[in-house]
Amino acid sequence: MIHFILLFSRQGKLRLQKWYTTLPDKEKKKIVREIVQIILSRNQKTSSFVDWKDLKLVYKRYASLYFCCAIEDQDNELLTLEVVHRYVELLDRYFGNVCELDIIFNFEKAYFILDEFIIGGEVQETSKRSAVKAIEDSDMLQETVEEYMNKPAF
Amino acid sequence: MALKMVKGSIDRMFDKNLQDLVRGIRNHKEDEAKYISQCIDEIKQELKQDNIAVKANAVCKLTYLQMLGYDISWAAFNIIEVMSASKFTFKRIGYLAASQCFHEGTDVIMLTTNQIRKDLSSPNQYDTGVALTGLSCFVTPDLARDLANDIMTLMSHTKPYIRKKAVLIMYKVFLKYPESLRPAFPRLKEKLEDPDPGVQSAAVNVICELARRNPKNYLSLAPLFFKLMTSSTNNWVLIKIIKLFGALTPLEPRLGKKLIEPLTNLIHSTSAMSLLYECVNTVIAVLISLSSGMPNHSASIQLCVQKLRILIEDSDQNLKYLGLLAMSKILKTHPKSVQSHKDLILQCLDDKDESIRLRALDLLYGMVSKKNLMEIVKKLMIHVDKAEGTTYRDELLTKIIDICSQSNYQYITNFEWYISILVELTRLEGTRHGHLIAAQMLDVAIRVKAIRKFAVSQMAMLLDNAHLIASNTQRNGICEVLYAAAWICGEFSEHLEEANQTLEAMLRPKVTTLPGHIQAVYVQNMVKLYASILQQKEQAGEKEAAQEITQLMIERLPQFVQSADLEVQERASCILQLIKYIQKLQIKEVPVAEEVIALFAGELNPVAPKAQKKVPVPEGLDLDAWINEPPSDSESEEEKPKTIFHDEEQRHSRHRQPEIDEEELARRREARKQEQANNPFYIKSSPSPQKRYQDTPGVEHIPVVQIDLSVPLKVPGMPMSDQYVKLEEERRHKQKLEKDKKKKKQKKEKRGKHHRHNSLHTESEEDIAPAHHVDIITEEMPENALPSDEDDKDPNDPYKALDIDLDKPLADSEKLPVQRHRNVETPKSPDAEAPLEEKKSKKPKKKEKKHKEKERDKGKKKEKEKKMVEEEEEKKKSSKHKKKKHKKEKEEKSKDKKKSKKKSRQSEEEPAGSVQNGTLDDEPLPPMSSYRLLAENPYIKMTYDIQGNLQHDSQVTVSVIFENKSTSFLKSMELNVLDSLNTKMLRPEGSSVHDGIPVPFQLPPGISNEAQFVFTLQSIVMAQKLKGTLSFIVKNDEGSTHEKVDFKLHFSCASYLITTPCYSDAFAKLLESGDLHMSSIKVDGISISFQHLLAKICFHHHFSVVERVDSCASMYSRSIQGHHVCLLVKKGENSVSIDGKCSDSTLLSNLLDEMKETLSKC
């Protein structure tokens, strides 16, 4: 099971965090700080796996953004790398050549995409097509907040 | 109204949306904090508006800020508001915010239950989906219990989109509410064969997770999974299934045999590295479980090792890392096959990546043999010298020690070499592992008798060069080795060649800069050394030399007597006295050496770490029996004031003991100084230590100027371990030659039949004989040691709760809880609902009925939803008016609600739960029940409890437990109460005041059940009594009779109070405000402990402890109508006084009267 997923920039700024175990905010902040520090201090040439407490961190850097998952001892690291890659592909498909700014400005969308792909720390949809379709369908239901706000309220 | 709307829309024009916020933050890089606090103020304004779109926008922005690390827990209630929006757009944002910031400590999470339930049953699949996703992040045990049934229903939803989500959520539900596993499992199993591959893979995921924790319960699913494995082409699913088999095979070796073939096929065929890696891992697990007795599987091991070698040789660091990781698993069972890749692994030690080097180090541990140990350690020593960064170097150090000491020094053929390695390691700078090296030195010196002479000489050298080790403050970790060195030199001093020199080294003034515990060992072992020197000299008849050495001791020991460390001081002064005494005897020419040496006679043998545990209990000894009967409770301190007094005096005198000692010590020290001053043999200590050096002759006392070199100095005279490697090689070569000679002779006899075989054998490690006979003394064990010592399992394993037998048929009691009201809001619900529940729990498996029930359930749900929505609207309205004032209160209320709800559920099992913020001792509390007897007759027993209702300030809920005591069936129970002006029972609309309320269930013989009734009240300041009657029909074989029982329902004032936590500062403010009335009582003859007393007040009178200091406590509670009640409880010797303050004097005096009654019963 994936315990949490973090996206952060090379400067250590958190861009997205998803926790599949419930923890108090304070604890989360501490963990994020610790992990960001561990990973940023690692050499580019090193492996993508770090043992951290009783979990394993699996991370990969895409352009300026680090994607980091914390998995359990028995989980498959390579599979987790594939999960990360698949998520990047999904983002790419949704935003069209995704970049860090897309995620910053549409962070809620990035979350929604992640939620369609992973739930409770487990991969729920292995097919790219169905995942993207689910996101697009639910987007159809949603008129953007701006549209709604531009309508007169009375 | 119109104006407000216009204003609202104008406001909105200035609203920021998320993009604006993000942009703003990026534009205010310098004063980000200020900008954000300004944004948060804006958001707070937006949250106050009615427009849900504005609110959702605000919550969306908050979610972003939460990610940046800002606390948004204050907006939890607004998040719930947005979650309950009807539009998907907003709902989605609400759930996202909730999933980001809710956790088990979030109070308002309780309020979401109904909203989530509503969303789960929404006709729109995306509503359901978003609710499920959110739930997966913040599900609590309470939510899991309440919603388990709804989620289980969704597992059979028509849309696969929902099904797969529901299946995955179920795992979270199981973790939080393990009781749900058995009822839900059959359906989960069904999903393994779902037509939709997504659902199927979800089910595989969940079962895989479950099975990894408790594999034995899932063995029966193996055939099904085997089928899936051979048919599935989806790598994601395959990996999970293979992982699952990895967990199952250790329990069922036959399964393993079956698996080997398909797995090796996969290994050969797949191109996906993740799948390959998983297969290799599982094959390893299978082979481990099959044990080594299966020669025909060596092919698969070879295949795995080969594949891993390819991974390790890959340029991708990730594959390299994982290859090494998997290799270390094989190593445990098949070390031979890994050892052949030693070259590769040693090569990895030079890798740039530290994590890879560490993995390679792990592998080395298992790769050493007698033959290659020296060579490997030599390599590692080179790495130690090269290593940058202390962490990696420390890791290397521990690995070297691990490798050498593993399985009782099995691979060490030459202990001289090992000792010199250890000595070389002491040159490491800044290591934290000095104690490790020290422990090894001690262990080897004690357990390998033959090495002691060598060890002692090395240790003497270390002591002589102690300044090198102890000088650098950075190296303080390493000075631990001096501890070992001193002890070894002292204990085995008979092996010491130049004991005098060592003793002098130990007496150097520099030693006093060492840590106290090391100095203490120094002092103690000096005497051992001294004793052996004394003996030596006396035997040689060198009396003067003996006296000289005594004089030396007397001169130098005072520096330790002055030590700030108590242990050092004590030992030194003790020994100083001893030696002075010896000196007197020496002057009289009495031989003393024999007696002094007798002080340290006897050999110390190592004792096995578990020896104590294994001492068998002698027959007839009962360890659990009391030696002295424990004092009975009546003899407790509180009861007898005399005991307290007595006790105190005792304690006092005990306290004084050390003081006297101190005085005594000072006095004695003074006397000693006097004596020293008068003693002509005593060289008076001068105030400056420098001067003292000048006083004493001898080269060794010229203060040594330390040169602080960052480059580790080579300790002069220390042996280099390398030379041993060479020596060893030569020795082995010789051995081999000799053996070969013998072999040749044998060969001649055998005619070279097994030539190849034999030559292979000569290479094997068993034939390398150790350099000298090493007798490792085994650790001592008590006689008749018990053979078994099983390691206890960790009782705190969170997954242990899921260790549930799934093959047992479901019992009725295990049905998942179906939705039901916990608080009766209108009297309608109990009679409409409860009978349904009854039927359900009795006949759970009749499908038609279930269906009907579902329909009715739905109807109910809608009704409830309406209610909830209404309620919420009401809340919103009220909050609009008094938001500012009551915001905090509201939050508090919700807290209360949660707590009181919890309490009402746990009230019987956990009475102490209500003492929240007092300091609680661990003393067990006596069981308490808040249920009081209402009425009893031969047929029925009724007990009741009254709880204040949080939503309504004029309602209380009376829970009545009906217990059928007879052997007959009780039915048509009807409860009626004679209303008073103040207190009325809430009846269904349209019924008259004389109508009773039917009890919503029937009672079979011996069964009890609980029903709740709501009462409305006007005033709560006085206790109330209501007369009532319960009528019922008794039905048995002989027919049915109509019976009734009268009762009096007592509403105590305490039942209007709601346990409310209060912080001490708020409490102090309340007391200061001055608008509280005061009253007090005193009760005599209290014998229970103060803690029990507080627990009683908390439990029976619904108070919470604000602060507790010794035998004084402040407590707080609030009535349902908002009266504050503050108490100050003080405990005297056998009395208790309670001062109360309350906004209503009548309420207070009534409350205190009730309390008096409770306490007088104690």
Side-chain angles (χ1 to χ4, degrees), chain A residues 1 13-20 22-25 27-29 32 42-43 45-51 58 72 74-82 104-108 111-112 115-116 119-127 130 134 137-138 141-146 148-149 152-154, chain B residues 5 8-9 12 15 17-19 22 51 53 56-57 60 63-64 67-69 71 73 88-89 92-93 96 101 103-105 124 126 129 132-133 136-138 161 164-165 168-169 171-172 198 201-202 205-206 209 212 234 236 239 243 273-274 277-278 317-318 320-322 352-356:
Chain A
M1 194 189 98
K13 286 236 184 219
L14 195 61
R15 295 301 180 208
L16 192 130
Q17 55 171 341
K18 189 84 199 175
W19 298 77
Y20 298 107
T22 46
L23 289 171
D25 270 356
E27 189 79 5
K28 286 186 192 173
K29 254 189 249 177
V32 169
R42 277 172 73 88
N43 195 314
K45 284 277 168 65
T46 55
S47 68
S48 304
F49 316 122
V50 189
D51 284 330
V58 176
E72 282 171 26
Q74 294 166 24
D75 286 324
N76 188 324
E77 292 92 338
L78 293 175
L79 187 70
T80 312
L81 277 180
E82 276 175 45
I104 297 172
F105 281 104
N106 301 288
F107 89 113
E108 85 279 20
Y111 276 122
F112 296 148
D115 286 343
E116 285 303 331
I119 196 167
E122 295 289 344
V123 175
Q124 63 160 322
E125 186 52 75
T126 54
S127 136
S130 1
D137 283 356
S138 44
L141 269 177
Q142 161 170 3
E143 352 161 51
T144 60
V145 180
E146 295 99 288
Y148 189 82
M149 303 232 317
F154 46 94
Chain B
M5 281 170 114
S9 68
R12 220 176 309 135
D15 279 348
N17 63 19
L18 177 67
Q19 273 77 18
V22 175
N51 191 323
N57 184 37
C60 188
T63 317
Y64 186 78
M67 189 170 66
L68 297 186
D71 176 38
S73 54
F88 177 71
T89 317
R92 202 181 193 189
I93 290 169
L96 173 64
C101 75
H103 52 87
E104 274 174 35
N124 179 352
Y126 294 108
L132 283 172
T133 313
S136 75
C137 291
F138 58 78
Y161 177 79
K164 76 182 176 206
K165 279 183 197 268
L168 285 169
I169 298 295
Y171 178 60
K172 293 275 168 186
S201 110
N205 269 344
V206 172
E209 285 297 314
R212 268 161 59 179
N234 184 337
W236 302 75
I239 286 176
K243 195 179 279 300
M273 278 300 177
S274 50
Y277 179 61
E278 197 60 55
Q317 298 285 41
N318 292 339
K320 204 185 273 272
Y321 178 92
L322 293 178
K352 277 169 286 178
D353 183 355
E354 189 175 302
S355 55
I356 286 177

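What you see is a predicted model, and the numbers here were worked out from it, not measured in a lab.
The shortest non-hydrogen separation linking B:Tyr126 to A:Ser138 is CD2-CB, 3.6 Å. Scanning both residues, B:Glu209 and A:Met1, for their nearest heavy atoms gives OE2-N, 3.4 Å. In plain terms, the two heavy atoms of B:Gln317 and A:Thr46 that are nearest each other are CB-C, 3.9 Å. The nearest pair of heavy atoms linking A:Leu23 to B:His103 is O-CB, 3.6 Å. Considering all non-hydrogen atoms of both residues, B:Tyr161 and A:Ala134 come closest at CE1-CB, 3.6 Å. Nearest heavy atoms, B:Ser136 versus A:Gly120: OG-N, 3.6 Å.
With B:Lys243 contributing its side chain and A:Gln74 its backbone, the two residues share a donor-acceptor pair below 3.5 Å. A donor-acceptor pair is defined here as one N or O able to donate and one able to accept, closer than 3.5 Å; such a pair exists between the side chain of A:Lys29 and the backbone of B:Gly69. Although no hydrogens or angles enter the test, the distance criterion places no donor-acceptor pair under 3.5 Å between the side chain of A:Asp25 and the main chain of B:Asp71. Proximity of a side-chain donor or acceptor of B:Lys172 to a complementary backbone N or O of A:Gly121 within less than 3.5 Å is not detected.
Atom CG in B:Leu96 sits 7.5 Å away from atom CD in A:Glu108 (nearest 0.5 Å). Rounded to the nearest 0.5 angstrom, B:Asn234 CG and A:Thr126 OG1 are separated by 4.5 Å. The structure places CD of A:Glu82 at 6.5 Å from CD1 of B:Ile239, a figure rounded to the nearest 0.5 Å. Note that OH of A:Tyr111 and CD1 of B:Ile93 are 13.5 Å apart. Values are rounded to the nearest 0.5 Å. Atoms CG and CD1, on B:Leu132 and A:Ile119 in that order, are 6.0 Å from each other to the nearest 0.5 Å. Distance CZ/A:Phe112 to OG1/B:Thr133: 10.0 Å, rounded to 0.5 Å.
Looking at B:Tyr277 and A:Asn76, their side chains never bring a donor and an acceptor atom within 3.5 Å of each other.
Of the residues considered (A:Leu16, A:Asp75, A:Val50), A:Asp75 shows the highest number of contacts with chain B, using heavy-atom pairs under 4.5 Å. In terms of heavy-atom pairs under 4.5 Å with chain A, the best-connected choice from B:Gly198, B:Cys60, B:Cys101, B:Cys137 is B:Cys137. Ranked by heavy-atom pairs under 4.5 Å with chain A, the list B:Asn318, B:Leu168, B:Leu322, B:Val206 is led by B:Asn318. Chosen from A:Glu125, A:Lys28, A:Glu77, A:Lys13, the residue pairing most often with chain B at heavy-atom distances under 4.5 Å is A:Glu77.
Residue contact with chain A, scored on non-hydrogen atoms closer than 4.5 Å, involves the backbone and the side chain of B:Thr63 alike. Residue contact with chain B, scored on non-hydrogen atoms closer than 4.5 Å, involves the backbone and the side chain of A:Leu14 alike. For chain A, the nearby part of B:Tyr321 is the side chain; its heavy atoms alone come within less than 4.5 Å. Looking at B:Glu278, both its backbone and its side chain come within 4.5 Å of chain A, counting heavy atoms on both sides.
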Exercise for the section: Check step by step if salt bridge (Lys or Arg N to Asp or Glu O under 4.0 Å) holds for B:Lys165 and A:Asp115. Expected result: CA-CA 10 Å; B:Lys165 279 183 197 268; A:Asp115 286 343; over 6 Å; no
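Taking the side chain as every heavy atom from C-beta outward, B:Lys352 and A:Asn43 never approach each other to under 4.5 Å.
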